[in-house]
2 protein chains.
Amino acid sequence: MATISDVVKKSGISKSTVSRVINNHPSVSEEKRRKVLQAMEELAYTPNPTARRMRGTLKSSVGLIIPNVTNPFFSYLIHHIEQRLSEHSIRLIIMQSSESREKELEFLDLLKQKQVDGIILAAVENEMEAILPYLEYGPVMLCNEYVQTGEIPIVRLDQERAAYIGVRHLIEKGYRRIAYCTGGLFAEDGKDKDRNNGLRRAMEEEGLPIRPEWVFVDQHTIADGREVMRRLWQMDDRPDAIFTGSDEVAAGMTLSARELSIRIPEDIAVLGFDDQPLAELTYPQLTTIHQPIDEMGRLAADVMIRLFTEDKPQNMNYELPISIVERQST
Amino acid sequence: MATISDVVKKSGISKSTVSRVINNHPSVSEEKRRKVLQAMEELAYTPNPTARRMRGTLKSSVGLIIPNVTNPFFSYLIHHIEQRLSEHSIRLIIMQSSESREKELEFLDLLKQKQVDGIILAAVENEMEAILPYLEYGPVMLCNEYVQTGEIPIVRLDQERAAYIGVRHLIEKGYRRIAYCTGGLFAEDGKDKDRNNGLRRAMEEEGLPIRPEWVFVDQHTIADGREVMRRLWQMDDRPDAIFTGSDEVAAGMTLSARELSIRIPEDIAVLGFDDQPLAELTYPQLTTIHQPIDEMGRLAADVMIRLFTEDKPQNMNYELPISIVERQST
DNA sequence: TTGTACGCGTTATCAC
DNA sequence: GTGATAACGCGTACAA
């Protein structure tokens, strides 16, 4: 690889002027600029990104912290973020936190060490108090996560409203005995609290009770969904509909329903979440909450790029609309 | 962030000796070593990776070139590679080639620029002649791709045998009129040629013909599979089984089968490929070829790490076994 | 407008 | 065993 010194030799022009040409500084005579450009061309010169990075003048990589790549929601998110970033020649580094607080902090530390120039958090395990200090070292933003604080840029979906819409849909279809299944916890202030609140609001509006034995927490996989349906069917008093936290879980339910000869939606309605490709594959196909992952990913990338280029960007709080896709499971 | 100079000041010991301590050089007195370590501790000093990289003494990132993250096969591959690499504090950079030759070369160029320290190619678009020159700039290896050349390390699955096993399975089940659907082309020497050859071998052994009108190329998605099934059903002369190139395509077929009231496997058997989670979700559940993605991913990471640490590693050609998972679609 | 000299943080070479 | 010094490739304050 040719270096700036090679260009200096070949063009007979000083290093600083060459550097000025590279960085498009105005004060360079046309003649020298031409000569330098020609030498660069002939040598196929490209500035060494590592050296630039050491000088502190380069932004070329952002880290994306997610729980797990194999979750289609996140793989789609990666896809759209990577596409947009690559248009700006910025590299995306994948960091799987595996829901570990330690790993999350380890990854954030890479910002401090200038291993990455910015970090998009698509999941947060630690308390915000632990995360905010890292803002000092470079841009950190949230994507698909919501935390009350004005300090950190956020791109997100309105999960409260999503859950509300979902439950309203069930109610309007005539279901009253509604079960709930979440990937988080059913606490006032824990993971997925927005969805929980949306559920509560919709249920309370109709005066419907949330029965504790019909609430399932920390459910994520197809296998989890399978098991939930089995447990529901061992109950004497069963719900007539269930609102799940993901299409995977809902898909798992369709599986055990088939095994147990349970009819969906006649015996029980199942509402998914995410609108993943598999929502069309199950039998019956899933009614589900559509999340605009593509828009969210591109927007997150755009925000990060603005964070790189502008000093004090304002209004860095985006909320994207969510809708319901009606198929056969409700 | 504290630098080596800070450690020098705090410990009163020269930069060279501090550096020796950092890099575990033997010739340092116990006393100085202790002092230096203590200063490092107090300052929470970590060597600056960028500076190390510029000196050429750091290997900390590998790029993974794949066509598309959203393909579950690749997202699982990413998962396993990232997990293993992160055990060694090595970062994984995702590069989606989108099946573009130009993009692939662009990414390979990052090796030249020392933006990444090694590259795993999980898909190759260009001819090997275009790729081999990059070996000069750092480790490049193939994963899940097979190209005849002794020069480049390879971790792969025996696709020829996989296809052979699949077709054998269909034949043993009594199917004789076998259609074929591939993500590549049906050429002697193009993409997916190994699978093609496995198919040919199995068919020829039984004296079965491969009928051109029953061969579908360049099929990848659920939508593609859906369409293929529709086209098959418009034929007067239909196959009694079809061997697909991926579970997605097979899943798409189950969808249009349902729409057209085609019974699987009674009217037509469908054999998937990959053994993805969705293979259990379709109706009927897919018989499919199981690929040990987990092992392959970990092994690829291990090979790359050996490429970093050993100078002239030998025997860098691994082939993992493949098996068939029998469910309901055949 | 142009060029010299220095610093970014590290490691390697060379003397002592 | 130890420490001064150069070097990696680049950008920039400063002087000219």
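Predicted model only: the values in this text are computed from it and were never measured. Note on naming: letters A, B, ... go to the chains in the order of the sequence lines (proteins, then strands), and numbering restarts at 1 for each one. We use all heavy atoms of the structure for the numbers below, so side chains are in, but hydrogens, waters and symmetry mates are not.
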Practice task
Using whole Å, report how far CZ of Arg34(B) lies from C1' of dG1(D).
Solution key: 16 Å
Practice task
Determine whether any donor atom in the side chain of Arg53(B) lies under 3.5 Å from an acceptor atom in the base of dG9(D), or the reverse, and answer yes or no.
Solution key: no
Problem - Below 4.0 Å: OP1/OP2 of dG11(D) and any side-chain N or O of Arg52(A) - result: yes
Practice task
Would you kindly compare Ile13(B) and Ser19(A) by the position of their nearest DNA chain D nucleotide and give the one closer to the 5′ end?
Solution key: Ile13(B)
Problem - Sidechain N-carboxylate O distance under 4.0 Å for Arg101(B), Glu104(B) - result: no
Practice task
Would you mind telling me which of dT12(D), dC8(C), dA6(D) lies closest to the side-chain atoms of Thr57(A)?
Solution key: dT12(D)
Practice task
For the pair Arg156(A) and Glu145(A), find out whether any cationic side-chain nitrogen is under 4.0 Å from an anionic carboxylate oxygen.
Solution key: no
Completion exercise
So, with a heavy-atom separation below 4.0 Å from DNA chain C, the residues of residues 21-33 of chain A are Ser27(A), Val28(A), Ser29(A), Lys32(A)
Practice task
Taking atom CD of Glu41(B) as the centre, report whether more than 12 heavy atoms of other residues, nucleotides or ligands fall under 6.0 Å from it.
Solution key: no
Practice task
Establish, with yes or no, whether the OP1 or OP2 oxygen of dT2(D) is under 4.0 angstrom from a side-chain nitrogen or oxygen of Thr17(B).
Solution key: no
Problem - Along DNA chain C (nearest heavy atom to each residue), the more 5'-positioned of Ile4(B) and Arg55(A) - result: Arg55(A)
Handout entry: Integer-rounded Å distance: dT10(C) P and Met54(A) CE
Key = 9 Å
Problem - Nearest-angstrom distance from the residue atom NZ of Lys35(B) to P of dT2(D) - result: 10 Å
Completion exercise
Closest to the 5' end of DNA chain D, once Arg20(A) and Ala2(A) are matched to their nearest nucleotides, is Ala2(A)
Exercise for the section: Can you tell me the distance, in whole Å, between the NZ atom of Lys15(B) and the C1' atom of dT13(C)? Expected result: 14 Å
Practice task
In whole angstrom, give the distance that lies between atom OH of Tyr45(B) and atom C1' of dT11(C).
Solution key: 10 Å
Handout entry: Donor/acceptor link under 3.5 angstrom from Ser16(A) side chain onto base of dG3(C)
Key = yes
Problem - Basic-acidic side-chain contact under 4.0 Å: Arg34(B), Glu30(B) - result: no
Exercise for the section: Could you walk me through whether Ile22(B) and Met40(B) pass the side chain to side chain contact (heavy atoms under 4.5 Å, CB included) test, one step at a time? Expected result: CA-CA 9 Å; Ile22(B) 295 168; Met40(B) 281 169 52; 4.1 Å; yes
Fill in the blank from the handout: Rounded to whole Å, the CG-P distance (Asn48(B) to dG7(C)) equals 18 Å
Problem - Rounded distance (Å) that lies between atom P of dG9(C) and atom CG of Leu58(B) - result: 16 Å
Handout entry: Lys/Arg-Asp/Glu bridge criterion (N-O < 4.0 Å) met for Glu87(A), Arg84(A)
Key = yes
Exercise for the section: Please tell me if the side chains of Leu111(A) and Leu108(A) come closer than 4.5 Å, counting only heavy atoms from C-beta onward. Expected result: no
